[in-house]
Structures are given as C-alpha cells and as structure tokens.
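Naming: A, B, ... by sequence-line order, numbering from 1 per chain.
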Protein chains: 2
Amino acid sequence: MYRIGELAQRYQVKTDTLRFYDKHGLLKPSSRSESGYRIYSEDDAQRLRFILRAKAIGFSLTDISELLSIELDKSNWACADVKGVVDIKLADLEAKIAELNYFKTSLQRLSDACCGGPESAEHCSILEALESNSSAIKCENQTHRHDPSHYTKNCQSKG
Amino acid sequence: MYRIGELAQRYQVKTDTLRFYDKHGLLKPSSRSESGYRIYSEDDAQRLRFILRAKAIGFSLTDISELLSIELDKSNWACADVKGVVDIKLADLEAKIAELNYFKTSLQRLSDACCGGPESAEHCSILEALESNSSAIKCENQTHRHDPSHYTKNCQSKG
DNA sequence: CTTGACCTTAGATTCAACTCCAAGGTTATA
DNA sequence: TATAACCTTGGAGTTGAATCTAAGGTCAAG
Ligand SMILES: [Zn+2]
Ligand SMILES: [Zn+2]
Ligand SMILES: [Zn+2]
Ligand SMILES: [Zn+2]
C-alpha cells in the first residue's frame, strides 16, 4: 500500500500525473485513508506499470484507456480487437513518419544549397526558394560566389 | 488588391487563418478600406505565399516569423543566420523521426506476435507484453495455439 | 505547539495553430 | 427595401498531457 508520493517516486512520475490519471479514470487508487489520502495497492502499481509501458511504446492515454478496458475483461475481447488498436496506431505512425521525412528532405535540400557563411543573405538560396514559386533550388555558388569550402558536397557538384 | 475572402479563396486558406496571421503579426494587410475591411496588396499575397511554402516544408509559425524578419531586411543578415534556422529545424526533425521509428519498431513487434484472430484475448501476446516487465515478446502460437495462417512471417518462424 | 513534509480539491495555465461564436456593420443585387 | 453574402471585433473552445496555483487539512518529530 502506497500513498501518492511513494508511488510517484517509485515510478518516477509526478504526483500531479497520478492525480491526473485518477481524474481521467486511467488509474483510480483502490482505496482511500480515513483522512482521504489516496492509497494504492500492488494491483494499482501493476496497472501503473502497464500504463507507463504503453506510453513508452507510443500509445496515447486514450489508446491506453482502451487497452486497459480490454485488459480488465480479456475474455470478452478477441485478439482482433487488441491487434486493431496496435495496427491503427502503427498506421498513424507510418503516416506521421512519412510526413516528417518529406519535411526532412525538403529542408535538407534547402540547407545543402546555402553556404551558411557570414556573407549577406541578400542572395541566400534558402530565402529565394521560399520567395519563388518553383520547387527547384538554385545553388548559391551561381549567384553568390565565395569560398566553395562552405558548400556541402551536394551543392558543390553543381558549381 | 484583395479583400480577405478573395485572398483566402485564392490560396485555399480560411479567412479565420488570415485574421490569425494578422493578429500574430505574420501577415498584416497593407491597408484597410474606409469601412475597416482588410485590403491585401500583391506584396501581401507574395508574403502569404512565402508563409505557406515555409509551412509546407515543415516550419512552425514561430520559425516563419523569424525567416520573415530576415527576409524583410536581408542585407543585415548572413547566410549563416538563415541556414541556422533550417539546420536547427532539421536536427529537431531528425530527433523526432528517430523517436517515432523507435515507437514504430516496438509496435511492429507487438503486432507481429498477435494472431489478430477472433480468439479470446485471454492469452494475447500484446496484453501480456504490456503486463510483464520484460521487453521480450512471446509469440502467441506458443501459449495460444490456432490456425497458423493468422500469424505474420516474423512470428511464425519462432512457432 | 509548532514546523515541515505530506496530502486534499477545483480550477487555471501551458503549447500550436487554428476554429468557432455572437453581435453587429457593409455592400451588391433583386 | 430587403435579403444575402460579405466584413468587423473580442473572446472562447479545441487537442493532449500534463503542470501549476491557491487555500487548506493531516501527521510525525522535536
Ligand atoms: Zn551564402
Ligand atoms: Zn544562404
Ligand atoms: Zn491470438
Ligand atoms: Zn493477440
């Protein structure tokens, strides 16, 4: 039996977080002391471990609520239900990663075209790319010539 | 010269969004009509295009403010400043992608171990992984045997 | 009997980037 | 002149996951 502060310290979370989980139904302490203090049992601690593990894997608290409700009543759920939660998450994640990779490629192209030196940004290829409609990026060493050691290899090859 | 609705329609944004950009200093219309309507010039439209392009590449509005203030006063900034903004974003993005890939791997391992069938979740390997402390995932076809066509190749190989 | 560490609650705040609302003013058309 | 389609403003709401605050109750030690 733990009080909130003990459980928090044991699992490296804030007491605020445990109160938040209580309020939102993820983890209600199984009892209260006479004076109203939350008292967490070993089962509660196990449930907290479940929550923290699921969080570490990338589930949202909403997902975790769903998993916990299945967990509490396993025999009335099928593998399909559980795997469904995971697979939806996986698909979201893949979409998110694809989007970020797209951003990354775009930014990488911008970065490669800029010398990054102390020269005036008047002809900076990054700003020019953002000003213009075209998706082509002009390498700076055409418009804005200086020590080629500044440029990354990607861009040097064109100059 | 465009009124807010025209500009919004031309660039497929909501009028609310343009008002938001005005309020937050990203895009202030260069004039107002007598009755107080926002009037956007061609330069304003160009600035909006800059904002939208930067957004599409993955910059936050805060980043964009910074880029715009450089853009407005290019000669007093260096390529290093501009490239700095891009490279910081790139580093953030890489960290984020790495984190999401870690989540993805974890979820993929969970998903692979579960049959996803209509069988009771009582011995579902996903739930078991979340209950247990170990990071190892037991494939279901050891505890919970049924039509092996359910399993993915990753998991079948162990059964 | 008081200090200090702990606990309680409801409710406000944070971040981003909008999005929506109410209540009212303007303008073009029928 | 009325109707609809615009526009204005300030301010509230959204999502997620906390984090923080204020005002107060509890408990063990000295
Ligand atoms: Zn340069
Ligand atoms: Zn540059
Ligand atoms: Zn199964
Ligand atoms: Zn399963």
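At whole-Å resolution of the value, CG in L27(B) and P in dC18(C) are 12 Å apart. Remark: P of dC7(C) and CG of L7(A) are 10 Å apart, rounded to the nearest angstrom. L18(B) has its CG atom 16 Å from the P atom of dA17(C), to the nearest Å. Separating the NZ atom of K23(B) from the C1' atom of dG10(D) is a distance of 7 Å, rounded to the nearest angstrom. Put simply, CG on D16(A) is 16 Å from P on dT14(C), counting in whole angstrom units. Atom pair I64(A):CD1 and dG16(D):C1' shows a separation of 12 Å (rounding to whole Å applied). Rounded to whole Å, the distance from CD1 on I4(B) to C1' on dA5(D) is 15 Å. The CG-C1' distance, from D22(B) to dC18(C), rounds to 15 Å in whole Å.
Looking only at atom types and distance, the side chain of R49(B) has a donor-acceptor partner in the side chain of Y11(B) under 3.5 Å away. Side chains of E140(A) and S125(A): a donor on one and an acceptor on the other come within 3.5 Å. Looking only at atom types and distance, the side chain of Y40(A) has no donor-acceptor partner in the side chain of E6(A) under 3.5 Å away. Between S41(A) and S30(A), the side chains place a donor N or O and an acceptor N or O closer than 3.5 Å (distance only, hydrogens not considered).
The number of heavy-atom neighbours closer than 6.0 Å to CD of E131(B), taken from other residues, nucleotides and ligands shown, is above 12.
Among the atoms of the strands shown, base atoms are found under 4.0 Å from some heavy atom of R19(A). S33(B) comes within 4.0 angstrom of no nucleic acid atom, judged by non-hydrogen atoms across all strands.
Within the 4.0 Å cut-off from OP1 or OP2 of dT26(D), not a single side-chain nitrogen or oxygen of R38(A) is found. For S35(B) and dT27(C), the shortest distance from a side-chain N or O to OP1 or OP2 is below 4.0 Å. An OP1 or OP2 oxygen of dG25(C) is reached within less than 4.0 angstrom by no side-chain nitrogen or oxygen of Y37(B).
Nearest nucleotide to the F20(B) side chain, out of dA17(D), dC7(C), dA17(C): dA17(C). Closest to the Y21(A) side chain, of the nucleotides dT8(C), dA17(C), dA18(D), is dA18(D). The side chain of T62(B) approaches dA17(C) more closely than any other nucleotide in the set dA17(C), dT9(C), dC27(D). Of the candidate nucleotides dC20(C), dT8(D), dA17(D), dA17(D) has the atom lying nearest to any side-chain atom of L61(A). Nearest to the side-chain atoms of K55(B) among the listed nucleotides dC7(D), dC18(C), dT26(D) stands dC18(C).
Ranked by how close their nearest DNA chain D nucleotide is to the 5' end, H24(A) and T15(B) are led by T15(B).
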